[in-house]
Amino acid sequence: MPSTILIIGACGQIGSELTASLRAKHGNNHIIASDIREPNDQTLLKGPFEVLDATNIDAIEDVVVHYEVGEIYLMAAMLSATGEKFPMKAWNLNMNSLFNVLNLAKEGKIQKVFWPSSIAVFGPSTPQHSTPQTTVMEPTTVYGISKQTGERWCEYYHQKYGVDVRSIRYPGLISYKTLPGGGTTDYAIDIFHEALKNGHYECFLSEETELPMMYMDDAINATIQIMETAEANINVRSSYNLAAISFTPEEIAREIKEHLPEFSVSYAPDFRQAIADSWPSSIDDTAAQEDWGWSSTYDLKKMVQVMIEGLRSD
Ligand code: AKB
């Protein structure tokens with residue numbers, strides 16, 4: 001049983017499902033959920049919940065001391081599409097929150113940190129297919145630059161100060177339980193909502209844009225798995241590549257049509273197309289497989305079926 005866990009950004013797309021999974025595993029009172037505002041989702045109130053600004057180190061430290069927190073999962077971030085609209089806000093939130101948590105760990109006030117990175121660390125000069133763990137990284141979005149910089153700081157804090165920080169480069173994450181917020185891969189969730197509501201979806205990416213994606217359950221399992229792995233097996237202290245499924249809007253639409261034959265899609269690429277074009281189409285995650293036994297369990301078919309069944313029963 002780990003020490004008490006604090007999740008910062010618990011109301012977000014990943015944070016809310018991570019909170020539910022960790023509470024199911026360790027008990028409600030063992031997992032402290034927090035976010036910048038009160039939750040709309042009442043299930044987050046099944047255990048302790050704190051309103052907490054991730055950029056305020058004193059406020060984080062108060063919660064750490066009050067609940068005797070040993071581990072922090074820092075899930076608060078501004079994603080790629082919103083980050084392009086508010087560059088300085090994205091930079092300040094994404095970087096200051098990370099420094100706050102790394103500094104608490106450096107001072108020995110917490111023992112372990114999870115911090116999410118993203119496929120956005122890669123850029124147009126990165127090999128696009130089966131992108132290796134270590135490769136050229138010249139991101140072109142504010143979000144990607146903040147994640148790449150964050151990775152360098154994570155490795156630095158580990159090497160210089162012995163901070164036990166662990167990280168994953170998430171692909172686009174798909175779930176029927178939570179809505180995404182401000183990402184470029186969000187189309188892969190929007191498409192299901194619109195297919196069921198209106199029978200038509202206008203996609204903001206072109207039909208042949210292939211991106212790495214993952215069903216949320218796989219992402220949550222990977223997150224918990226990397227945090228439970230023995231310290232000696234974590235060889236990558238920047239962030240691990242993680243892969244599951246790669247598909248285009250046309251391919252996911254075809255699979256949805258298997259369930260909803262009347263469904264149609266049109267394409268109207270906007271500013272997010274350039275972001276998607278700068279990212280890999282598939283990822284090599286051999287290091288995660290070898291170091292901590294990662295493997296995905298959802299392919300496109302299974303993911304589409306679970307999404308449609310889940311949204312229908314909501
Ligand atoms: C986004 O689209 O910005 C995110 C990501 C890939 O990190 N889903």
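Values below: every heavy atom of this structure, side chains too, minus hydrogens, waters and symmetry copies. Throughout, residue positions are numbered sequentially from 1 according to the sequence presented. Atoms within each ligand, like the ligands themselves, are counted from 1 in listed order.
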### Message
Closer than 4.0 Å to some heavy atom of Leu79 - which atoms of ligand 1 meet that?
### Response
3 (O)

### Message
Measuring only between side-chain heavy atoms, which start at C-beta, is Thr141 closer than 4.5 Å to Ile275?
### Response
yes

### Query
Relative to Phe114, does Arg166 satisfy both conditions: NZ or CZ under 6.0 angstrom from the six-membered ring centre, and within 45 degrees of the ring's axis?
no

### Query
Between Leu102 and Trp115, is any pair of side-chain heavy atoms under 4.5 Å apart?
no

### Query
Is there a donor-acceptor contact under 3.5 Å linking the side chains of Asp285 and Gln289?
yes

### Minimum-distance protein heavy atom relative to atom 5 (C) of ligand 1
Ser118 OG, 3.5 Å

### Query
Looking at Ile119, which atoms of ligand 1 are within less than 4.0 Å of one of its heavy atoms?
6 (C)

### Thr223 side chain vs Ala219 backbone, donor-acceptor pair below 3.5 Å
yes

### Polar contact flag for Thr184 and ligand 1 (N/O pairs, less than 3.5 Å)
yes

### Message
So for ligand 1, is Ser80 a polar contact partner (N or O within less than 3.5 Å, distance only)?
### Response
yes

### Task
May I ask you to identify the nearest protein heavy atom to atom 4 (C) of ligand 1, giving residue, atom name and distance to one decimal place in Å?
Thr185 OG1, 4.0 Å

